[in-house]
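Single-structure report; data block below.
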Amino acid sequence: MVTTKDKKRCVAVVLAAGQGKRMGTTVQKQYIELNGKPLIYYALRTFQESDIIDEMVLVVGKGQISYAEHEIVEKYGFSKVRAIVEGGKERYDSVWQGLKAVASDEEASYIFIHDGARPFVDNGILKRGYETVKRFRACVAGMPSKDTIKVVDDEGFAVNTPDRKYVWVIQTPQVFEKTLIVEAYSRLMEGEHRDVTDDAMAVERMMKVPVKMFEGSYQNVKITTPEDLEIAEVLL
């Protein structure tokens, strides 16, 4: 149980700058309505109501700051959102913009980086992330794979079958000491390591710090395609 006395300051960087091209709509996926609310609403609500998260930085697409401020933050009363910033072309660009908005907060100890397209994050996941990051400095939500995984070559032939007990499906939030993740991304943005696809890779590669897995949820799915949206409606 997290007590106020011992609680370290936690800031969530919520990413909502993706184009959502695979969704096949003219509306960016984070604003598509799900049961009468925009998709991004659900993750923000969880962070707003959580006793773990103290503040949020919302990262949106180019030209969307005003819309997000009035139609999302103000409309739904997300008072923990301290800043809304524009993201960049790639995910790591957007994360970097969010991190820069937190870097000057000397009281912040930990940063939770979360994809806004995962609407079913819950407070249990946030608590497990908080307890894990306190011990290991860097951790990532995920779940053991239910399926057998095949590693293939360039021509699509199976070359290896890893033991399923060692294979996890990666989710967000990904949680880090603030100074660790800011320095990792600072080094990343100065170099040529732009094949990094998640925040854990940035810490592993730039800082040589191991990343601990913690249990997310099989319902903590990412909404990417119209089929995902149908599944989300059922889960809601």
Side-chain angles (χ1 to χ4, degrees), residues 9-50 52-108 110-123 126 172-175 178 181-182 185-186 188-189 194 198-199 220-226 228-229 232-233 236:
R9 184 173 178 79
C10 298
V11 179
V13 172
V14 183
L15 306 174
Q19 295 298 310
K21 295 177 181 178
R22 282 177 287 179
M23 190 61 72
T25 67
T26 56
V27 179
Q28 290 186 305
K29 68 179 178 181
Q30 56 267 31
Y31 303 128
I32 292 175
E33 286 201 354
L34 184 62
N35 279 19
K37 300 285 196 308
L39 182 62
I40 187 64
Y41 161 86
Y42 296 97
L44 292 176
R45 181 184 66 181
T46 296
F47 289 122
Q48 176 71 30
E49 296 176 351
S50 173
I52 299 296
I53 302 302
D54 297 291
E55 287 190 339
M56 293 183 272
V57 172
L58 179 59
V59 185
V60 300
K62 185 176 181 180
Q64 295 176 4
I65 290 179
S66 179
Y67 177 87
E69 180 181 359
H70 298 297
E71 297 300 320
I72 305 295
V73 176
E74 292 180 358
K75 182 176 181 178
Y76 296 107
F78 294 132
S79 58
K80 288 185 181 179
V81 176
R82 57 172 276 186
I84 306 173
V85 299
E86 283 190 3
K89 181 179 179 181
E90 304 293 342
R91 184 185 187 278
Y92 53 75
D93 295 314
S94 296
V95 173
W96 180 230
Q97 294 306 314
L99 291 176
K100 288 194 293 185
V102 186
S104 61
D105 185 347
E106 296 182 357
E107 296 183 359
Y110 303 117
I111 296 181
F112 288 61
I113 303 174
H114 185 67
D115 292 328
R118 291 186 186 272
F120 300 115
V121 61
D122 59 43
N123 200 46
L126 301 182
T172 65
Q174 302 194 3
V175 193
K178 186 194 80 171
I181 190 63
V182 170
Y185 263 90
S186 178
L188 176 70
M189 300 308 290
R194 302 305 172 86
D198 77 341
D199 315 303
N220 186 25
V221 295
K222 187 175 182 180
I223 309 304
T224 303
T225 67
D228 296 333
L229 203 59
E233 290 174 347
L236 273 180

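Hydrogens, waters and symmetry mates are skipped; everything else that's a heavy atom, side chains included, is used. This one's a predicted model, so the numbers in the text were calculated from it and none came from an experiment.
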Donor-acceptor pair, side chain of Asp54 and main chain of Cys10, under 3.5 angstrom: yes
State whether the side chain of Tyr42 and the backbone N or O of Leu34 hold a donor-acceptor pair below 3.5 Å, judged by distance alone. yes
Report yes if the side chains of Ile65 and Glu86 come closer than 4.5 Å at any heavy-atom pair, otherwise no. yes
Partner residues of Asp199 under the salt bridge (charged side-chain N to carboxylate O under 4.0 Å, His left out) criterion, sequence neighbours left out: Arg91
Minimum heavy-atom separation for Leu39 and Ala117, please, with both atom names. CD2-CA, 4.1 Å
Close side-chain approach of Ile40 to Val14, heavy-atom, < 4.5 Å: yes
Between CD1 of Ile223 and CD of Glu233, what distance do you get to the nearest 0.5 Å? 9.5 Å
Apply side-chain contact (heavy atoms from CB on, under 4.5 Å) to Ile52 and Phe112, showing your working. CA-CA 10 Å; Ile52 299 296; Phe112 288 61; 3.8 Å; yes
Do the non-hydrogen side-chain atoms of Tyr76 and Leu44 ever get within less than 4.5 Å of each other? no
Under the salt bridge (charged side-chain N to carboxylate O under 4.0 Å, His left out) test, which residues partner Asp93, sequence neighbours left out? none
Given side chains that start at C-beta, do those of Trp96 and Ser186 come closer than 4.5 Å, heavy atoms only? yes
Kindly check if the number of other-residue, nucleotide or ligand heavy atoms within 6.0 Å of CD (Glu107) is above 12? no
Run the side-chain contact (heavy atoms from CB on, under 4.5 Å) test on Val85 and Val57 for me, step by step, so that the C-alpha distance in whole Å, both residues' side-chain angles and the decisive distance to 0.1 Å come before the verdict. CA-CA 7 Å; Val85 299; Val57 172; 4.2 Å; yes
How long is the span from the CG atom in Asp122 to the CD atom in Glu49, to the nearest 0.5 Å? 12.0 Å
Check: Arg82 main-chain N/O paired with Glu55 side-chain donor or acceptor under 3.5 Å: no
Taking Ala17's backbone N and O only, do any of them form a donor-acceptor pair with Ser94's side chain (distance below 3.5 Å, no angle check)? no
Pro173 to Val121 - nearest heavy-atom pair and separation: CD-CG2, 3.9 Å
Spacing of CG belonging to Leu99 relative to CD1 belonging to Ile113, to within rounding of 0.5 Å: 5.0 Å
Could you give the side-chain donor-acceptor pairs of residues 68-75 under 3.5 Å, partners two or more places apart or in another chain?
from: His70; atom 1: ND1; to: Glu74; atom 2: OE1; distance (Å): 3.1

Taking the six-membered ring for Trp, are Phe47 and His114 parallel (under 30°), tilted (30 to 60°) or perpendicular (over 60°)? perpendicular
side-chain contact (heavy atoms from CB on, under 4.5 Å) with Val13: which of Ile111, Leu58, Val95? Ile111
Looking only at atom types and distance, does a side-chain atom of Lys80 sit under 3.5 Å from a main-chain N or O of Gln48, one as donor and one as acceptor? yes
Give me the atom names and distance for the closest heavy-atom approach of Asp228 to Thr224. OD2-N, 2.8 Å
Side-chain donor or acceptor of Lys178 paired with backbone N/O of Asp105 under 3.5 Å: yes
